[in-house]
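Only one structure is covered here, and it is reproduced in the block below.
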Amino acid sequence: MSSKSRKYSSQIVDGVERAPSRAMLYPVGFKKEDFSKPQIGIASTWSMVTPCNMHINKLAEEASNGANSGGGKGIIFNTITISDGISMGSEGMKYSLVSREVIADSIETVAGCQGFDGIVAIGGCDKNMPGCIIGLARLNRPSIFVYGGTILPGKNHTDIVSVFEAVGKFANKTIDAIELENIEKTAIPGAGSCGGMYTANTMASAIEALGMSLPNSSAQNAISADKNSDCMRAGMAIMDLLDKDIKPSDIMTLKAFENAITLIITLGGSTNAVLHLIAMASAIGVDLRLDDFTRIGAKVPVLADLKPSGKYMMSELVAIGGTLPLMKMLLDAGLLHGDCLTVTGKTMAENLKNVQPYADSQNIIRSLDNPIKPDSHLCILRGNLATDGAVAKITGKEGLKFQGVAKCFGREEDALSAVLNDEIKLGDVIVIRYEGPAGGPGMREMLAPTSAVMGKGLGDKVALITDGRFSGGTHGFVVGHITPEAFKGGVLAVVEDGDEIVIDAKNNILELLVEQKIINQRLSKWQQPKPNYTKGVLAKFAKLAKSASEGATTD
């Protein structure tokens, strides 16, 4: 192993003057010979606060063993995780997006302080993944990301979204309390990230297509021999990246981000991918913009029949071969850049060279000539309500255009209450504002009200727009990430009950059908509300975060 491979750790442990540093490392398991090895930080997001991450401590040990077997010295350290699924619909959800920044900061802080030469980061829940990648990008040292893996389906093919929608069904009196409790008790069978093509599986797939994970890392069950092997191989692969001095900046190029966007479109992925990919690109110095999603989406179809809008779960995609046959299909069709470098040290095309196609009998991934939707479901909308852009997730199953009357709410809880109490009627456009990066603060996800809408049977009869976000589990006629946000004086702030709003996914328009003169009058009288938080991490985020159209980054 070359001295270049120890560029950072040598500054910490080499020489007589570093004896105190070495003395501190003997008690944590170092032997004398370890000081001459590259140090590999294993960033573990293990925590018992959520099933998404409850198994990652064992995966971190596998990755550390892999690094050790390859001639390095693995050192496991922790960063935080929170649970979207548990905090959803509560004040606690305001910490969700904030946690992405905390995770990135903590990985950068530990690796920078300790002088790690390379990093393997293992993430499970939604914000772990972009948080890890942002941290790795800032450090720009040889790095690999490992996905903790997907959960298995619950009883009767249920998952966490089934529980959220069951709340709406209970309110609609289509199920009783016993049925609700049965779903609640059996929908989450064990470890792993939420089972549909929600944000966790979306971001894992995106990161693999980006080239920062080993092939098929995104399509493995959390509790499986394949996932253990994935971690071991990642620990070994980092040593090869060190030897070749391959860094995230060599991998995370604009073309690589285009590959990530292409794959998540075909999979019907989460709107959160737009926010996170822009943030990840910013961290590595790539100029990725909202309009790039429109440009790529015009030629890339939706092919996967996966939840939330489809039928199948990620574990069922795993069973037929995962994402690699899909990526090979896209490469052969000229929709992926095959020359992009990956963490294998090989190009995307080289990684996919010998991948076999899906069996003809599978029904999860459609062919390119028989798509679910011929272009992207991720629609970037603009208009007087979103001059800087908004993100809609429209598969076409709910139609491509919705025009209705506004029913406005200043916080998510009020909107949820209105849905459950039958105050939302056919043709309403639910407007939830002051939930943006600064206004919330923290840009909460609106899974509770959108699931309640579905449970009430209103999925194709009402729309919902917000300056907040949506969970990857959301489906229906929904628009989020509206910028400028209401708290910053965006037009969303002055929408009134009864105003007509049009959402046009075919022409990418989000428009308030009110004369500009009247809008200007309303804005002239508008006053910014007092911030919800003036101290602590939420206040810091509100002060530092850029707009959603710029990834809501704090860096």
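For the residue pair S270 / T202, no side-chain donor-acceptor distance below 3.5 Å is found, with atom types taken as modelled. When only modelled atom types and interatomic distance are considered, T81 and N128 share a side-chain donor-acceptor pair under 3.5 Å. In summary, the side chains of T483 and D388 do not present any donor paired with an acceptor at a separation below 3.5 Å, with no hydrogens or angles considered. Counting only N and O atoms by type, the side chains of R100 and H276 include a donor and acceptor under 3.5 Å apart.
Although no hydrogens or angles enter the test, the distance criterion places a donor-acceptor pair under 3.5 Å between the side chain of R433 and the main chain of V495. The backbone N or O of I430 sits nowhere less than 3.5 Å from a side-chain atom of D428 that would complete a donor-acceptor pair. Side chain of K425 to backbone of D422: a donor-acceptor contact under 3.5 angstrom is found. Of the possible polar contacts, one joining the N384 side chain to the L512 backbone as a donor-acceptor pair under 3.5 Å is found. Checked by atom type and distance alone, the side chain of E208 pairs as donor or acceptor with a backbone atom of S218 at under 3.5 Å. Looking only at distances, no side-chain donor or acceptor of N201 sits under 3.5 Å from a matching main-chain atom of T150. When atom types are taken as modelled, the side chain of R444 and the backbone of S90 share a donor-acceptor pair closer than 3.5 angstrom. E165 places no side-chain N or O within 3.5 Å of a backbone atom of A452 that could act as its donor or acceptor partner. A donor-acceptor distance shorter than 3.5 angstrom exists from the side chain of Q362 to the backbone of I364, with no hydrogens or angles considered. Distance alone, capped at 3.5 Å, is enough to place a donor-acceptor pair between the E101 side chain and the T554 backbone.
Ion pairing of R522 with E496 is present here, as a side-chain N (NZ or NE/NH1/NH2) and a carboxylate O approach within less than 4.0 Å. Looking at R138 and D555, a side-chain N of the basic residue comes within less than 4.0 Å of a carboxylate O on the acidic one, giving a salt bridge.
The line from CD1 of I432 to CG of L416 is 8.5 Å long, rounded to the nearest 0.5 Å. F293 CZ to L378 CG: the interatomic distance, rounded to the nearest 0.5 Å, is 7.5 Å. Expressed to the nearest 0.5 Å, how far CG of L277 lies from CG of N272 amounts to 10.5 Å. One finds the CD1 atom of I265 at 6.0 Å from the OG1 atom of T262 (value rounded to the nearest 0.5 Å). Separation of atoms CG (L513) and CD (Q403) is listed at 5.5 Å; rounding is to 0.5 Å.
Among N507, N508, D291, the one residue that satisfies the side-chain hydrogen bond (donor to acceptor under 3.5 Å, both in side chains) test with R382 is D291.
Residues Q220 and Y147 form no side-chain contact, since every pair of their non-hydrogen atoms from C-beta on lies 4.5 Å or further apart. Counting only heavy atoms from C-beta outward, the side chains of D84 and K127 approach each other to under 4.5 Å. Residues M88 and S471 have side chains in contact (heavy-atom distance under 4.5 Å, counting atoms from C-beta outward). Put simply, the side chain of F402 does not reach to within 4.5 Å of the side chain of I501, judged on heavy atoms. Residues Y198 and D159 form a side-chain contact, since some pair of their non-hydrogen atoms from C-beta on lies under 4.5 Å apart. Looking at M280 and M203, their side chains come closer than 4.5 Å, going by heavy atoms from C-beta outward. Counting heavy atoms from C-beta outward, L317 and T323 have side chains that approach closer than 4.5 Å. For the pair N53/I122, no side-chain contact is recorded, criterion being any heavy-atom separation below 4.5 Å from C-beta on.
For D460, there are no salt bridge (charged side-chain N to carboxylate O under 4.0 Å, His left out) partners two or more places apart in sequence or in a different chain. By the salt bridge (charged side-chain N to carboxylate O under 4.0 Å, His left out) test, E91 is found to be paired with K94, residues two or more places apart in sequence or in another chain being considered. Contacts of F170 classified as side-chain contact (heavy atoms from CB on, under 4.5 Å), with partners at least two apart in sequence or in another chain: I175, A177, L180.
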R411 and D414: salt bridge (charged side-chain N to carboxylate O under 4.0 Å, His left out), yes or no, with the steps?
-> CA-CA 6 Å; R411 57 201 293 269; D414 295 339; 3.5 Å; yes
Residue pair T79, W46: steps toward the side chain to side chain contact (heavy atoms under 4.5 Å, CB included) verdict | CA-CA 8 Å; T79 181; W46 171 82; over 6 Å; no
Apply salt bridge (charged side-chain N to carboxylate O under 4.0 Å, His left out) to the pair E258 and R295, showing each step before the final yes or no.
-> CA-CA 10 Å; E258 290 178 346; R295 172 176 57 83; 2.8 Å; yes
Decide yes or no on salt bridge (charged side-chain N to carboxylate O under 4.0 Å, His left out) for K517 and E515, but give the supporting numbers first.
-> CA-CA 5 Å; K517 179 181 177 181; E515 291 182 16; over 6 Å; no
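Using bins of under 30°, 30° to 60° and over 60° for the plane-to-plane angle, the ring pair Y533/Y95 lands in the perpendicular bin.
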